[in-house]
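Notes follow the structure.
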There are 2 protein chains.
Amino acid sequence: MGSLDASLVCDLPPFEHMARQDIAALLERARSIRVEKGAAVFGQDEAAHSFFLLLDGHVRVVRVTPDGEQVIARYISSGELMGIAQALGRSTYPASAIAAVDCVVLAWPGAMWTEVVSRYPGFASNTYKTVGSRLQDAQDRIVEMATERVEQRVANAVLKLAAQTGRRTEEGILIDLPISRQDISEMTGTTLHTVSRLMSAWEAAGWVKSGRQRIVVVEGHKLMLLAGGAK
Amino acid sequence: MGSLDASLVCDLPPFEHMARQDIAALLERARSIRVEKGAAVFGQDEAAHSFFLLLDGHVRVVRVTPDGEQVIARYISSGELMGIAQALGRSTYPASAIAAVDCVVLAWPGAMWTEVVSRYPGFASNTYKTVGSRLQDAQDRIVEMATERVEQRVANAVLKLAAQTGRRTEEGILIDLPISRQDISEMTGTTLHTVSRLMSAWEAAGWVKSGRQRIVVVEGHKLMLLAGGAK
DNA sequence: TCCCGTGTTTGACGCAGCGCAAACTCGACC
DNA sequence: GGTCGAGTTTGCGCTGCGTCAAACACGGGA
């Protein structure tokens with residue numbers, strides 16, 4: 001809490017091309033919060049009182065359907081903005097954000113957004129860039145769900161996670177957050193059973209190693225072949 | 001072409017809360033274009049040279065997958081913005097926009113966007129509101145694709161079209177643009193065969209009437225029951 | 001160390017919906 | 001009015017994957 005050094009965050013995409021003093025001014029108005037694993041940063045349909053920057057950790061963005069099923073919209077990694085409902089003229093959060101591990105988050109009051117836009121246009125434009133790629137991602141996923149079959153989608157999801165949160169180890173690329181078969185199934189619109197079967201097959205082929213809430217990608221290129229060949 | 005009266009468009013959502021003279025100034029810098037049925041307003045992966053407002057007609061936003069399949073992202077109706085890639089910091093269009101009927105479109109040079117943002121903040125904020133609901137829509141569709149089965153998705157798509165472009169007739173609500181089974185299948189991630197079978201069943205039940213590129217919703221509430229019950 | 005709970009694996013079975021194929025119908029154009 | 005092509009309908013077989021069910025394994029807490 002209190003004063004946070006601008007130099008810690010000035011390289012993050014949301015602050016790109018901003019003057020150091022503007023960054024410092026922005027940080028000054030943020031509250032820093034610790035969120036422990038499993039807790040919600042914000043909840044679906046809740047009034048959007050704040051917008052956030054994830055400083056450290058990983059956050060799962062989840063939607064619950066009317067009949068209680070969960071769909072994982074995306075994982076947020078440190079350095080990314082989240083809960084920017086007010087930038088898009090919405091008064092509630094469209095999904096819940098659940099800490100996948102213990103996290104540190106910066107929070108700004110939502111009412112500040114309009115002021116931010118006029119005072120720090122660079123920050124606003126960076127934010128909209130984020131929104132743009134998020135819209136892009138969403139459309140990509142729609143196309144994927146509409147045209148690809150389960151094995152390809154699961155391979156894609158694993159590869160995306162590996163690229164986003166992967167850590168090199170001697171075994172291969174470790175997905176560096178606790179993630180269950182169930183989670184993967186909620187990212188890909190299938191069941192944990194099917195995911196388990198697929199991962200078993202990949203493990204038998206030596207493409208991945210996996211355990212309880214743990215996945216290591218050994219031969220990523222084999223998965224890429226499944227997930228759409230060329231590209 | 002040339003001077004377009006601000007009063008014609010000032011009630012459209014993109015111009016909400018804007019001063020009449022600002023609207024007029026904006027319009028002055030737009031080119032008005034006629035696009036005939038089947039022609040593209042802009043193309044996927046093309047450099048984003050302009051952004052657009054659909055004045056009259058209906059436009060299909062389509063993505064083509066690497067292996068040649070098409071997915072319909074959405075239909076745009078008159079009064080909506082489209083191709084606003086530069087507002088999101090993108091340099092190419094993520095999809096193609098094809099006129100579903102003869103259309104009239106306003107086009108602004110893309111390079112103008114930054115100027116627009118600073119000079120007409122109301123317009124920018126309206127634009128971002130649009131983006132927000134589009135992102136919302138996209139997420140909704142992901143959830144739908146992940147959790148609902150084909151019949152429900154098709155019912156949803158038909159209802160959405162009816163709500164968006166429907167015209168009351170004595171038979172029921174007519175979807176007022178030429179739309180094939182194939183189109184519906186590309187909106188829902190299924191095949192034209194399955195769509196045809198479903199629509200035949202609905203027609204037999206008296207819920208819809210349909211013909212060649214033509215759908216009339218007779219008993220919308222029956223479709224809603226399919227498409228997620230309560231809500 | 002043992003126990004218990006949560007996550008995972010695997011099998012058996014059924015069916016929604018896709019692929020393929022063929023026939024039909026309507027509208028447009030000559 | 002006849003012809004042609006695009007859009008539609010319908011049947012049939014097959015299969016990917018969901019559902020149900022049961023056993024299994026790992027890790028953390030007592």
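All values derive from a computational prediction rather than experimental measurement. Numbers restart at 1 for each chain; the letters A, B, ... are given by sequence-line order, proteins then strands.
Residue contacts shown for B:Glu151 are absent, as no nucleic acid heavy atom lies under 4.0 Å away. Nucleic acid contact for B:Ser200: sugar-phosphate only, since backbone atoms but no base atoms lie under 4.0 Å from a heavy atom of the residue.
Straight-line distance from the CD atom of B:Glu186 to the P atom of D:dG7: 11 Å, rounded to whole Å. What separates CG of A:Leu192 from P of C:dG7 is a distance of 10 Å, to the nearest Å. Straight-line distance from the CD atom of B:Gln182 to the P atom of C:dC18: 13 Å, rounded to whole Å. Atom CG of B:Asp183 and atom C1' of D:dG7 are 11 Å apart (whole Å). Rounded to an integer number of Å, the gap from B:Glu69 CD to C:dC18 C1' is 12 Å. In this structure, A:Trp202 atom CH2 and C:dT9 atom P are separated by 12 Å, rounded to whole Å. The interatomic distance linking B:Arg181 (CZ) with C:dG17 (P) rounds to 18 Å, in whole Å. Between the C1' atom of D:dG16 and the CD atom of A:Glu148 lies a distance of 15 Å, rounded to the nearest Å.
By the 30° and 60° cut-offs, the orientation of the rings of B:Tyr93 relative to B:His49 is perpendicular.
When each of A:Arg149 and B:Met199 is assigned the nucleotide of DNA chain D with its nearest heavy atom, B:Met199 is the one assigned upstream, toward the 5' end.
Counting only residues at least two apart or in different chains, ring pair (Phe, Tyr, Trp, His ring centres under 6.0 Å) contacts with residues 127-157 of chain A comprise A:Tyr128-B:Tyr128.
Judged purely by distance below 3.5 Å, without hydrogens or angles, the side chains of A:Thr130 and A:Glu80 never pair a donor atom with an acceptor atom. Side-chain contact of B:Thr194 with B:Thr191: a donor-acceptor pair under 3.5 Å is present, judged by distance alone. Donor-acceptor pairing under 3.5 Å is lacking for the side chains of B:Thr147 and A:Glu69. Between the side chains of A:Ser96 and A:Arg60, no donor-acceptor pair is found at a separation under 3.5 Å.
Residue B:Arg197 places none of its side-chain N or O atoms closer than 4.0 Å to OP1 or OP2 of D:dT9. At D:dG18, one or more side-chain N or O atoms of A:Thr194 fall inside 4.0 Å of OP1 or OP2 (strictly under the cut-off). For B:Thr190, a side-chain nitrogen or oxygen approaches OP1 or OP2 of C:dC18 to under 4.0 Å. For D:dG18, one of the phosphate oxygens OP1 or OP2 lies less than 4.0 angstrom from a side-chain nitrogen or oxygen of A:Thr191.
Remark: the backbone N or O of A:Gly43 is paired with a side-chain donor or acceptor of A:Glu46 at under 3.5 angstrom.
In the set C:dC20, D:dC17, D:dT8, C:dC20 carries the atom at the smallest distance from any side-chain atom of B:His193. Of all nucleotides listed (C:dT10, D:dT10, D:dG7), D:dG7 comes nearest to the side chain of B:Ser180. Comparing atom distances between the A:Arg212 side chain and each of C:dT6, D:dG18, D:dT8 picks out C:dT6 as nearest.
B:Pro13 places none of its side-chain heavy atoms less than 4.5 Å from the side chain of B:Asn126.
Over its length, the helix from C:dT1-D:dA30 to C:dC30-D:dG1 turns its helix axis by 40°, as judged from the five terminal pairs at each end, rounded to 10°.
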